[in-house]
Amino acid sequence: MQPVRPEFAPDPALDRAEMESLQREIAETATFADDLSVDPLDPHTLVAGVDQGFSDGTATSAIVVTRGGNVVERVHARVDTEIPYIPGLLSFREGGAILAALDELSTDPDVFMFDGSGRIHFREAGLATHIGVMLDAPALGVAKNLLCGQPRESLDEPLPEGTRVPIEADGEVTAPDGTVIGHAVQSRQYDSGNRYINPLYVSPGHRLSAETAADIAEHCCDGYKLPEPTRLADAHAADVSRK
DNA sequence: GCGACAG
DNA sequence: ATCTTGTCGC
């Protein structure tokens, strides 16, 4: 599939100021409220997991489309790595590979699930927001670490499975202080023991509310910390990346 | 100058 | 993200 808004393509040749400027424009275009044509939790909904792997000088993007737990389509594409990882500018490093993989996709997913942040971003324009706005499709970001923002409650102590803690905007985020830009979602936890699992950081990318984004991520989990679409894309990316 | 940072 | 075996705990 092709982007609906190619003018928002993450060009790695831009300088830092231009990248940040583009992100501000993308954030203004993004919608952080539900705007879907289907029920995202319905078993018929097509959810696409997107993840990248790096090896040598190439970035590999893998997309796995699922429908009620079954794999509907699986594609990948490789592209030369253009720039290094810079916190806040991830979409400019991984976007090219993602667009190449999307070009291979014949399915038309209802929701896109990206590895990384959406609205939980300094300028509210993380990877999930950037690609989601380009496609003008419902998108969310699932990250393993918190980029910015302030948890409403301490996350120092292990949380029970199913717990959800709002992440609010603070001085380092463009949104007004206190705005809920995402959630820490404890998708899985050990019943007892010494070890514990960290929560996921889920945020809306485009056309989804913070609550619905968390609902989708949680709904897609099947016994593991990561939601299935992300897990499958993760495995496929790693699989085809170093070969 | 200090601090803090997805993958 | 990536470099990497065994090891601890359920």
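All of these numbers come straight from a predicted model, not from anything done at the bench.
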For atom [atom1] of [X] and atom [atom2] of [N], their distance in whole Å:
| X | N | atom1 | atom2 | answer |
| --- | --- | --- | --- | --- |
| A:D234 | B:dA6 | CG | C1' | 14 Å |
| A:F122 | B:dA6 | CZ | C1' | 9 Å |
| A:H121 | B:dA6 | NE2 | C1' | 8 Å |
| A:H130 | B:dA6 | NE2 | P | 19 Å |
| A:L90 | B:dA6 | CG | P | 9 Å |
| A:R123 | B:dA6 | CZ | C1' | 13 Å |
| A:D56 | C:dA1 | CG | C1' | 13 Å |
| A:Q23 | B:dA6 | CD | P | 14 Å |

* Ring-face cation of A:R231 near A:Y224 (centre distance under 6.0 Å, axis angle within 45°) -> yes
Backbone N/O of [Y] and side chain of [X]: donor-acceptor pair under 3.5 Å:
| X | Y | answer |
| --- | --- | --- |
| A:H183 | A:V165 | no |
| A:T81 | A:G57 | yes |
| A:E124 | A:A27 | no |

* Structure fact -> Base-paired stretches in DNA chain B with three or more consecutive Watson-Crick or G-U pairs, both distances under 3.5 Å, amount to none
* Taking the six-membered ring where the residue is Trp, are the ring centres of A:H130 and A:F92 under 6.0 Å apart? ->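 For A:H130 and A:F92, the ring centres are under 6.0 Å apart.
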* What's the spacing between A:Q186 CD and A:L155 CG if we round to 0.5 Å? -> 9.0 Å
Report which part of the nucleic acid [X] touches: base, sugar-phosphate, or nothing (heavy-atom distance under 4.0 Å, all strands).
| X | value |
| --- | --- |
| A:L127 | base |
| A:G53 | sugar-phosphate |
| A:Y201 | nothing |

* Asked: Taking DNA chain B as the partner, which of residues 82-89 of chain A come within under 4.0 angstrom of it by heavy atom?
  ->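 Within this stretch, A:Y85, A:P87, A:G88, A:L89 sit under 4.0 Å of the strand.
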* Structure fact -> Whichever of A:A238 and A:D191 has the more 5' nearest nucleotide on DNA chain C, that residue is A:A238
* By nearest nucleotide on DNA chain C, pick out whichever of A:D115 and A:Y190 is the more 5' one. => A:D115
* Asked: Which pair of non-hydrogen atoms, one from A:A97 and one from A:A77, has the smallest distance, and what is that distance?
  ->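 Smallest heavy-atom distance, with atoms named: O-CB, 4.3 Å.
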* To do: Taking all heavy atoms of A:V180 and all of A:R119, pick out the closest pair and write down the distance.
  =>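 Heavy atoms of A:V180 and A:R119 come nearest at O-NH1, 3.9 Å.
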* **Side chain of A:R195 (C-beta onward), nearest among B:dA6, C:dG9, B:dG7** => C:dG9
* Taking only side-chain nitrogens and oxygens of A:N145, does any of them come within less than 4.0 Å of OP1 or OP2 of B:dG7? ->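 For A:N145, the contact criterion (side-chain N or O under 4.0 Å from OP1 or OP2 of B:dG7) is met.
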* List the steps and the verdict of side chain to side chain contact (heavy atoms under 4.5 Å, CB included) for A:H76 and A:I63. => CA-CA 6 Å; A:H76 77 270; A:I63 303 177; over 6 Å; no
* Heavy-atom side-chain contact between A:Q52 and A:D115 under 4.5 Å -> yes
